[in-house]
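Comments concern the structure below.
Every number for a ligand or one of its atoms is a count from 1 in the order of the listing. Quick caveat: nothing in here was measured; it's all calculated off a predicted structure.
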Amino acid sequence: MYAGIDKLVTSTIGKSTNILWHDCPIGQFEQQKLLNQKGCVVWITGLSGSGKSTLACALSRELHSRGHLTYILLILDGDNLRHGLNRDLCFEAKDRAENIRRVGEVAKLFADAGLICIASLISPYRSERSACRKLLHNSAFFEVFFNVSLEVCEARDPKGLYKLARAGKIKAPSDCEIVIQCKAGDCATPKPMADQVVSYLEANEFLRD
Ligand SMILES: Nc1ncnc2c1ncn2[C@@H]1O[C@H](COP(=O)(O)OS(=O)(=O)O)[C@@H](OP(=O)(O)O)[C@H]1O
Ligand SMILES: Nc1ncnc2c1ncn2[C@@H]1O[C@H](COP(=O)(O)OP(=O)(O)O)[C@@H](O)[C@H]1O
């Protein structure tokens, strides 16, 4: 047996038996001490064009300027992910579900490594967002809902995809920690929106060990 592995848990997955779980001596606790922050997932949900990617970038810039390690969100952004990790997936309901499940698992890995992981996905279904939330056992999953009207998103329509959103009747999330409100003619700039999330992380002691 290798040094440092003090617990072996076996399980059966499909037809495979003896799938081993290895516990390692350097875990989330040790990583967080090193980074002086707590690993967590900030999950940004909202319609296409609501401002998710803009907030993700503003938030990572703001946290970086304060000395915090984030995972650069552009990799965990719906469009970008479909160039790599999820290039086998399209936009049917089952593919969206798998897309979100994989992103949730990857986000959990980054949070386990002590990083503040910002995921930016439309993630329209509550059940899938809840499943990702449940992966984080220590309440380190924060949902940010962009409450931006269809009218505003459609007026922006930077990718010309808006006819698709028009068909969807997406219910507002009921279990999010943070709501970014934006009505026609009254939208905050990205910096105060990022500050709203930073204040939440600060108040919940995620910006110190
Ligand atoms: N057909 C179709 N339907 C929906 N979205 C489309 C489609 N084709 C491309 N895109 C772009 O992909 C982004 C959505 O990916 P997500 O991973 O966020 O979607 S989901 O969470 O799986 O529902 C989304 O990015 P944002 O506009 O930034 O939200 C779209 O621009
Ligand atoms: N707070 C804001 N106020 C005004 N325009 C914004 C704001 N946030 C984003 N935008 C603009 O809205 C469009 C969509 O933003 P984006 O972040 O790409 O949305 P999403 O990632 O949700 O599709 C972009 O053209 C962006 O410049």
Side-chain angles (χ1 to χ4, degrees), residues 41-63 70-108 110 117-135 141-173 175-176 178-200:
V41 175
V42 177
W43 189 280
I44 307 173
T45 174
L47 292 173
S48 176
S50 56
K52 301 183 297 299
S53 312
T54 304
L55 172 63
C57 292
L59 180 58
S60 75
R61 193 183 311 119
E62 185 61 33
L63 289 168
T70 60
Y71 188 68
I72 301 300
L73 248 277
L74 291 177
I75 309 280
L76 286 193
D77 177 276
D79 282 325
N80 291 16
L81 272 174
R82 282 183 171 78
H83 288 289
L85 177 68
N86 292 343
R87 70 177 164 214
D88 55 325
L89 303 179
C90 62
F91 292 95
E92 290 166 21
K94 72 170 177 32
D95 282 359
R96 283 183 195 254
E98 177 58 11
N99 175 48
I100 292 160
R101 188 193 71 77
R102 287 184 201 171
V103 175
E105 292 284 355
V106 173
K108 177 185 161 33
F110 281 107
C117 179
I118 313 163
S120 154
L121 284 90
I122 297 176
S123 44
Y125 305 116
R126 183 180 308 159
S127 59
E128 278 129 25
R129 294 194 306 272
S130 297
C132 294
R133 180 186 289 270
K134 281 194 196 118
L135 290 173
F141 181 101
F142 310 115
E143 197 171 302
V144 181
F145 170 48
F146 253 106
N147 192 1
V148 181
S149 68
L150 185 59
E151 182 194 2
V152 170
C153 295
E154 195 163 10
R156 291 176 181 167
D157 201 9
K159 299 169 192 165
L161 280 168
Y162 240 82
K163 276 180 249 147
L164 294 163
R166 201 176 249 294
K169 293 191 176 74
I170 299 167
K171 284 188 192 149
D175 55 357
C176 50
I178 303 161
V179 176
I180 310 274
Q181 195 79 43
C182 176
K183 299 196 184 93
D186 182 20
C187 295
T189 58
K191 167 83 168 100
M193 294 193 302
D195 287 344
Q196 194 181 333
V197 182
V198 171
S199 298
Y200 183 91

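Of all non-hydrogen atoms in Pro190 and Thr54, the two that sit nearest each other are CG-CG2, 3.4 Å. Taking each heavy atom of Cys153 and Ser48 in turn, the nearest pair found is CB-O, 3.5 Å. Across all non-hydrogen atoms, the minimal contact from Val103 to Ala119 is CG1-CB, 4.2 Å. Between Glu62 and Asp195 the shortest heavy-atom distance is CD-OD1, 3.7 Å. Closest approach of Arg156 and Cys187 over heavy atoms only: NH2-SG, 3.6 Å. In this structure, Arg96 and Ile122 approach most closely via the heavy-atom pair NH1-CD1, 4.2 Å.
Glu105 has no carboxylate O lying under 4.0 Å from a charged side-chain N of Arg102, or vice versa, which leaves the two without a salt bridge.
The contact set between ligand 2 and Ala188, taken as ligand atoms under 4.0 Å from a residue heavy atom, comprises 1 (N), 2 (C), 3 (N). Close approach to Ser123 involves these atoms of ligand 1, each under 4.0 Å from a residue heavy atom: 20 (S), 21 (O), 23 (O). Contact atoms of ligand 2 toward Cys187: 3 (N) (distance under 4.0 Å to a heavy atom of the residue). Per-residue contacts place Leu47 under 4.0 angstrom from the following atoms of ligand 2 (heavy atoms of the residue considered): 22 (O). Near Met193, meaning under 4.0 Å from any of its heavy atoms, are these atoms of ligand 2: 1 (N). Short contacts between ligand 1 and Ile100, defined as distances under 4.0 Å to a heavy atom of the residue, involve ligand atoms 21 (O). The distance from ligand 1 to the heavy atoms of Ser48 drops below 4.0 Å at these ligand atoms: 26 (P), 27 (O), 29 (O). Listed by number with element, the atoms of ligand 1 under 4.0 angstrom from any heavy atom of Pro124 are 23 (O).
Among the atoms of Ser120, none of the N or O lies under 3.5 angstrom from an N or O of ligand 2. When only interatomic distances are considered, the shortest N/O to N/O separation between Thr189 and ligand 2 does not fall below 3.5 Å. Considering backbone and side-chain N/O of Gly49, one or more are found under 3.5 Å from N/O of ligand 2. For ligand 2, none of its N or O atoms has an N or O atom of Ser48 under 3.5 Å away.
Residues Leu59 and Thr70 form no side-chain contact, since every pair of their non-hydrogen atoms from C-beta on lies 4.5 Å or further apart. Counting heavy atoms from C-beta on, the side chains of Leu47 and Phe146 never come closer than 4.5 Å.
Using bins of under 30°, 30° to 60° and over 60° for the plane-to-plane angle, the ring pair Tyr200/Phe142 lands in the perpendicular bin.
Of all the listed residues (Arg96, Lys52, Glu92, Arg156), Arg96 holds the heavy atom that lies closest to atom 20 (S) of ligand 1.
Counting heavy atoms closer than 4.0 Å to ligand 1, residue Leu121 contributes atoms from both its backbone and its side chain. Residue contacts with ligand 2 for Arg156 involve side-chain atoms from C-beta outward but no N, CA, C or O (heavy atoms, distance under 4.0 Å).
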